[in-house]
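Computed from a prediction, not measured in an experiment: that's the story for all the values here. Numbered from 1 within each chain, the chains take letters A, B, ... in sequence-line order.
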Protein chains: 2
Amino acid sequence: MTAPDTQEDAPHTGAPVPPHRTPRGTLSRELLLDAAMEIVRIGGADAFSMRALGSRLEVDPTAFYRHFRTKNELLDALADILIAGDEPLPSTGDARADLRESLHQLRRCLLRHPTMAAVILRRPPGGRAYWERANHAIGLLRGLGLSAEAATSVYQTLLFYCLGHVLSEARAVAAAVARDRRPGTPTATFNPPAHQLPDLAAAVPFLRADTRTQFNEGLDLILGSLPAPG
Amino acid sequence: MTAPDTQEDAPHTGAPVPPHRTPRGTLSRELLLDAAMEIVRIGGADAFSMRALGSRLEVDPTAFYRHFRTKNELLDALADILIAGDEPLPSTGDARADLRESLHQLRRCLLRHPTMAAVILRRPPGGRAYWERANHAIGLLRGLGLSAEAATSVYQTLLFYCLGHVLSEARAVAAAVARDRRPGTPTATFNPPAHQLPDLAAAVPFLRADTRTQFNEGLDLILGSLPAPG
DNA sequence: ACCTGAACACCGTTCAAGT
DNA sequence: ACCTGAACACCGTTCAAGT
């Protein structure tokens with residue numbers, strides 16, 4: 001039922017992506033997006049450049065400008081695919097549970113390629129998948145008896161919390177990847193300078209908690225103040 | 001008391017940053033950071049490159065590698081300065097109010113240069129200012145009677161919410177800047193495709209709400225479930 | 001109609017050479 | 001000790017030319 005909580009970005013060796021010969025005249029948005037996703041899957045977000053896309057499809061690096069006006073436009077299309085994911089939006093009838101699950105889903109979608117998450121989150125949201133998620137979640141909140149205004153407010157709080165959490169997890173993955181590439185660098189994230197910061201020192205043991213549970217605790221906190229089911 | 005809620009990034013004309021003649025042998029970390037901050041202030045995050053820094057200081061673009069090992073290291077030092085801000089951490093005795101104010105402070109620090117926010121938030125946090133803020137906030141939460149574990153959990157929820165909110169605001173500013181550079185592009189953020197998304201359509205009027213108030217509402221929601229003052 | 005390839009105006013970083 | 005400058009290996013994008 002629940003997709004595995006994996007982060008499947010590749011070892012980021014910067015290794016060349018194997019080419020896929022493309023017959024002339026067959027370039028399409030779909031083919032380009034597939035190839036781009038494959039590059040990200042194999043080499044992470046850093047590996048994705050117009051030139052890399054060109055060499056993967058054995059096509060001139062400038063051939064895409066017929067299908068996407070800019071790299072950012074291609075990126076937005078890629079983001080929409082990732083945000084859509086491959087699971088249907090939850091609708092078990094239990095609005096509270098569905099809401100929680102829909103945010104877990106969004107987190108999983110974005111963390112599927114952690115190095116991509118930060119890149120996606122820098123762009124203003126515009127894809128259909130993003131707005132469908134918003135519509136779904138706001139609908140669930142209104143189903144709990146909230147006004148449109150209150151539902152919007154709560155949704156934005158949940159969404160921003162989710163985005164911040166994902167960003168933070170994605171950063172940690174990126175840092176770990178960088179450490180593997182150039183070993184010897186300590187993990188700054190979980191080795192904070194707790195010297196002369198006593199309350200931080202007390203918190204350090206709890207910063208290591210697994211991030212899915214941590215995410216869920218935050219959801220509990222935010223959802224805790226909602227009206228009880230009637 | 002409260003700093004103005006401004007976002008003071010420049011018009012981002014890409015205009016050349018005026019040079020500041022630098023006598024030989026006087027390059028220092030501090031001078032480099034000052035110049036870098038000035039470039040960001042004038043031209044936004046996009047204008048900041050090693051070469052731009054070089055031409056501003058009238059120095060070879062590779063002269064910095066004595067003081068910072070990489071551009072990212074310089075960026076992290078810059079981030080620390082921004083996160084530190086220029087206001088003291090609030091300590092009025094009212095832990096709840098101080099907590100709220102400390103998060104408003106963090107938001108203001110990061111939004112001081114909105115184009116920089118997304119760049120900063122991509123990097124793993126490591127600076128002293130970041131950890132001092134964490135220590136301060138966790139201390140306040142423990143002062144409210146929370147255990148170290150609970151305080152850590154609540155702090156992370158608040159922090160991630162704050163980061164997501166800031167990211168979202170920064171994205172909107174960046175989009176607005178891009179629109180000014182190439183006018184005619186509609187605002188996707190606040191013109192969601194509400195067609196066939198009725199709950200989203202109902203929410204649209206409330207998405208425009210001013211972002212400071214919106215931020216505060218989210219804080220209320222998260223802080224609402226904390227134990228009442230004893 | 002669709003793709004090519006040269007070209008433009010950039011990047012971050014390294015390293016031998018200068019002063 | 002400190003800075004220079006050429007060089008390396010890249011970027012995204014434009015546009016005239018080809019097929």
Colleague: Rounding to an integer number of Å, can you tell me how far B:L75 CG sits from C:dG12 P?
Modeller: 10 Å
Colleague: Think A:T62 has a side-chain N or O under 4.0 angstrom from the OP1 or OP2 of D:dT13?
Modeller: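 For D:dT13, neither OP1 nor OP2 has a side-chain N or O of A:T62 closer than 4.0 Å.
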Colleague: Distance check needed: C:dC3 P versus A:L57 CG, whole Å only.
Modeller: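 Atom-to-atom, A:L57 to C:dC3, this comes out as 11 Å.
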Colleague: Is it true that the side chains of A:H136 and A:E132 contain a donor and an acceptor less than 3.5 Å apart?
Modeller: no
Colleague: Should the pair B:F215 and B:Y161 be assigned to parallel (<30°), tilted (30 to 60°) or perpendicular (>60°) ring geometry?
Modeller: parallel
Colleague: If you check every side-chain atom of B:A63, which of D:dC11, D:dC3, C:dT4 has the closest atom?
Modeller: D:dC3
Colleague: Both atom distances under 3.5 Å, Watson-Crick or G-U wobble: I'd like the secondary structure of DNA chain D as a dot-bracket string, with | for pairs made across strands.
Modeller: ||.|||||...|||||.||
Colleague: Would you mind reading off the distance between B:M50 atom CE and C:dA9 atom P, rounded to a whole angstrom?
Modeller: 24 Å
Colleague: Measure the distance from CZ on B:R69 to P on C:dT14 and round it to the nearest whole Å.
Modeller: 10 Å
Colleague: Rounded to whole Å, how long is the line connecting atom CG of A:D46 with atom P of C:dG12?
Modeller: 14 Å
Colleague: A:M116 and A:L78: which non-hydrogen atoms are nearest, and at how many Å?
Modeller: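 Scanning both residues completely, I find the closest heavy atoms to be CE-CD2, 3.7 Å.
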Colleague: Identify the two heavy atoms, one from B:A170 and one from B:A117, that lie closest to each other, and give their separation to 0.1 Å.
Modeller: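 That would be CB-CB, 3.8 Å.
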Colleague: State, to 0.1 Å, how close B:A45 and B:T115 come at their nearest heavy-atom pair, and which atoms those are.
Modeller: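 Smallest heavy-atom distance, with atoms named: N-OG1, 2.9 Å.
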Colleague: Send over the distance from B:Y65 OH to C:dT13 C1', rounded to a whole Å.
Modeller: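 Nearest whole value for this atom pair: 5 Å.
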Colleague: From NE2 of A:H67 over to P of D:dT13, roughly how many Å is that when rounded to an integer?
Modeller: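 These atoms are roughly 16 Å apart.
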Colleague: Toward the 5' end of DNA chain D, which comes first, B:P61 or A:F48, by nearest nucleotide?
Modeller: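 In this pair, the answer is B:P61.
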Colleague: To the nearest angstrom, how far is B:L53 atom CG from C:dT13 atom P?
Modeller: 12 Å
Colleague: State whether A:R212 and A:E169 are salt-bridged, where the test is any N-O pair (Lys NZ or Arg NE/NH1/NH2 against Asp/Glu carboxylate O) under 4.0 Å.
Modeller: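 Salt bridge flag = no for A:E169 with A:R212.
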Colleague: Between C:dA9 and D:dC10, how far apart are the P atoms? Round to whole Å, please.
Modeller: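 Looking at atom P only, D:dC10 and C:dA9 are 22 Å apart.
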Colleague: Consider the side chain of A:R66, meaning its heavy atoms from C-beta on, and name the nucleotide among D:dC15, C:dC3, C:dC15 that approaches it most closely.
Modeller: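 Nearest listed nucleotide: C:dC3.
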Colleague: Find which nucleotide of DNA chain C each of A:R51 and B:D60 is nearest to by heavy atoms, and output the residue with the more 5' nucleotide.
Modeller: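 Between the two, 5'-proximity favours A:R51.
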Colleague: Are side-chain N/O atoms of A:T62 and A:D60 paired as donor and acceptor at under 3.5 Å?
Modeller: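 On atom types as modelled, these side chains qualify, holding a pair under 3.5 Å.
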